[in-house]
Amino acid sequence: MKSLNLPSFDYKVKKQNGQIWIFDIIRKRYVVLTPEEWVRQHFIHFLVACKHYPAQLIAVEKEIQVCGMKRRFDVVCYDRQANPYLIVECKAPSVALSQVVFDQVFQYNLSIAARFVAITNGCEHFCGEVARENGFRIVPEIPDFGV
């Protein structure tokens with residue numbers, strides 16, 4: 001897999017039925033290792049190890065309703081009161097982070113209502129804060145967990 005602009009971590013992989021699987025510490029099971037999953041797992045470990053998000057307050061690939069359609073978010077981190085705090089949309093390293101990707105995470109956030117939204121392809125990361133009174137502003141980095 002491609003080297004990413006995220007800290008490395010000790011990951012567990014296995015090969016089964018001709019596919020490589022990686023262990024997800026949030027879902028507590030092995031999942032097929034795709035380029036997007038490679039990014040998702042690195043970002044989850046970055047959130048836990050570097051940004052101090054408790055693993056028990058992170059949800060991965062859960063189904064939500066967006067404008068009457070079923071969708072799946074990549075990562076949502078909750079605060080200690082179980083309110084959505086950060087939603088992250090992960091893409092494969094080969095996918096450019098465009099307005100389309102921002103639009104996707106903002107659409108998901110209509111249902112989630114997280115304070116922060118982020119997008120990443122493992123090489124680049126963008127994050128912003130959603131404020132009802134001031135709209136949206138880009139923040140310089142992914143916020144630490146401190147709520």
Side-chain angles (χ1 to χ4, degrees), residues 1-98 100-130 136 138-147:
M1 286 287 168
K2 182 177 173 150
S3 179
L4 303 177
N5 183 20
L6 289 164
S8 61
F9 67 98
D10 290 329
Y11 51 88
K12 295 191 288 188
V13 293
K14 69 178 184 177
K15 190 171 184 177
Q16 184 177 4
N17 299 327
Q19 289 186 307
I20 299 175
W21 299 65
I22 189 166
F23 189 77
D24 182 320
I25 62 168
I26 305 301
R27 292 178 274 187
K28 297 190 180 356
R29 62 181 172 90
Y30 282 89
V31 293
V32 175
L33 181 57
T34 62
E36 182 178 315
E37 193 63 50
W38 184 242
V39 171
R40 186 170 24 253
Q41 292 306 312
H42 273 78
F43 208 83
I44 288 168
H45 283 269
F46 165 71
L47 290 171
V48 172
C50 300
K51 296 294 180 174
H52 315 291
Y53 286 78
Q56 64 271 22
L57 296 180
I58 299 175
V60 176
E61 287 206 308
K62 299 287 184 186
E63 190 174 279
I64 57 172
Q65 289 284 325
V66 178
C67 300
M69 298 184 299
K70 292 180 180 180
R71 297 287 186 243
R72 281 188 176 274
F73 63 72
D74 282 315
V75 179
V76 171
C77 303
Y78 296 89
D79 64 21
R80 295 203 187 282
Q81 290 73 45
N83 298 310
Y85 183 69
L86 168 68
I87 181 171
V88 182
E89 179 61 27
C90 301
K91 296 296 183 188
S94 61
V95 176
L97 297 181
S98 65
V100 172
V101 180
F102 257 121
D103 291 347
Q104 181 182 3
V105 77
F106 279 113
Q107 262 195 338
Y108 292 177
N109 203 41
L110 291 174
S111 295
I112 301 292
R115 178 176 168 189
F116 293 95
V117 296
I119 59 174
T120 183
N121 63 7
C123 302
E124 293 183 291
H125 329 286
F126 296 100
C127 185
E129 182 176 16
V130 179
F136 176 78
I138 297 290
V139 295
E141 63 183 62
I142 305 299
D144 286 331
F145 183 85
V147 291

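These values consider heavy atoms only, across backbone and side chains, with no hydrogens, waters or symmetry-generated copies. All values reported here derive from a predicted model rather than from experimental measurement.
- Between F23 and Y30, the ring planes are perpendicular. Angles over 60° get that label, and only those under 30° would be called parallel.
- Residues C90 and V39 approach most closely at CB-CG1, 4.2 Å, considering heavy atoms.
- When side chains are defined from C-beta on, S94 does not count as touching K2, because their heavy atoms never get closer than 4.5 Å.
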task = Determine, step by step, whether Y53 and L86 satisfy the side-chain contact (heavy atoms from CB on, under 4.5 Å) criterion, reporting the C-alpha distance in whole Å, the side-chain angles of both residues, the deciding distance to 0.1 Å, and the verdict.
result = CA-CA 10 Å; Y53 286 78; L86 168 68; 3.8 Å; yes

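- The distance from atom CD of Q104 to atom CD of Q107, rounded to the nearest 0.5 Å, is 8.0 Å.
- Of all heavy-atom pairs spanning E89 and Y108, the tightest one is OE1-CE1, 3.6 Å.
- Side chain of D24 to main chain of K28: no donor-acceptor pair is present (N/O by atom type, distance under 3.5 Å, no hydrogens or angles).
- Using bins of under 30°, 30° to 60° and over 60° for the plane-to-plane angle, the ring pair Y85/F116 lands in the perpendicular bin.
- Contact between W21 and V32 at its shortest, heavy atoms only, is CE3-N, 3.5 Å.
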message = Would K91 and I119 count as a side-chain contact (heavy atoms from CB on, under 4.5 Å) here? Give the steps.
response = CA-CA 8 Å; K91 296 296 183 188; I119 59 174; over 6 Å; no

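- Here the OG atom belonging to S3 is positioned 9.0 Å from the CH2 atom belonging to W38, to the nearest 0.5 angstrom.
- Once rounded to the nearest 0.5 Å, the distance linking CG of N109 with CD1 of I87 reads 5.5 Å.
- Side chain of T120 to main chain of E124: a donor-acceptor pair is present (N/O by atom type, distance under 3.5 Å, no hydrogens or angles).
- Between the CD1 atom in I64 and the CD1 atom in I112 there is a gap of 4.5 Å [rounded to 0.5 Å].
- In this structure, F136 CZ and I138 CD1 are separated by 4.0 Å, a value rounded to the nearest 0.5 Å.
- Residues E63 and R71 have side chains not in contact (no heavy-atom distance under 4.5 Å, counting atoms from C-beta outward).
- Among residue pairs with one or both ends in residues 39-62, those qualifying as salt bridge (charged side-chain N to carboxylate O under 4.0 Å, His left out) are R27-E61, E36-R40, E37-R40, R40-E61, R40-D74, K51-E141, K51-D144; sequence neighbours excluded.
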Result block: side-chain N/O donor-acceptor pairs under 3.5 angstrom for residues 4-20, not counting sequence neighbours:
unit_1, atom_1, unit_2, atom_2, d
N5, ND2, C123, O, 3.2
K14, NZ, Q16, OE1, 3.3

message = What verdict does the side-chain contact (heavy atoms from CB on, under 4.5 Å) test give for V75 and L47, after you've listed the backbone C-alpha separation in whole Å, the side-chain angles of each residue and the deciding distance to 0.1 Å?
response = CA-CA 10 Å; V75 179; L47 290 171; 4.2 Å; yes

ask   = Can V31 and I22 be said to form a side-chain contact (heavy atoms from CB on, under 4.5 Å), step by step?
value = CA-CA 5 Å; V31 293; I22 189 166; 4.0 Å; yes

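- Between atom CG of residue L97 and atom CZ of residue F126 there is a gap of 6.0 Å, rounded to the nearest 0.5 Å.
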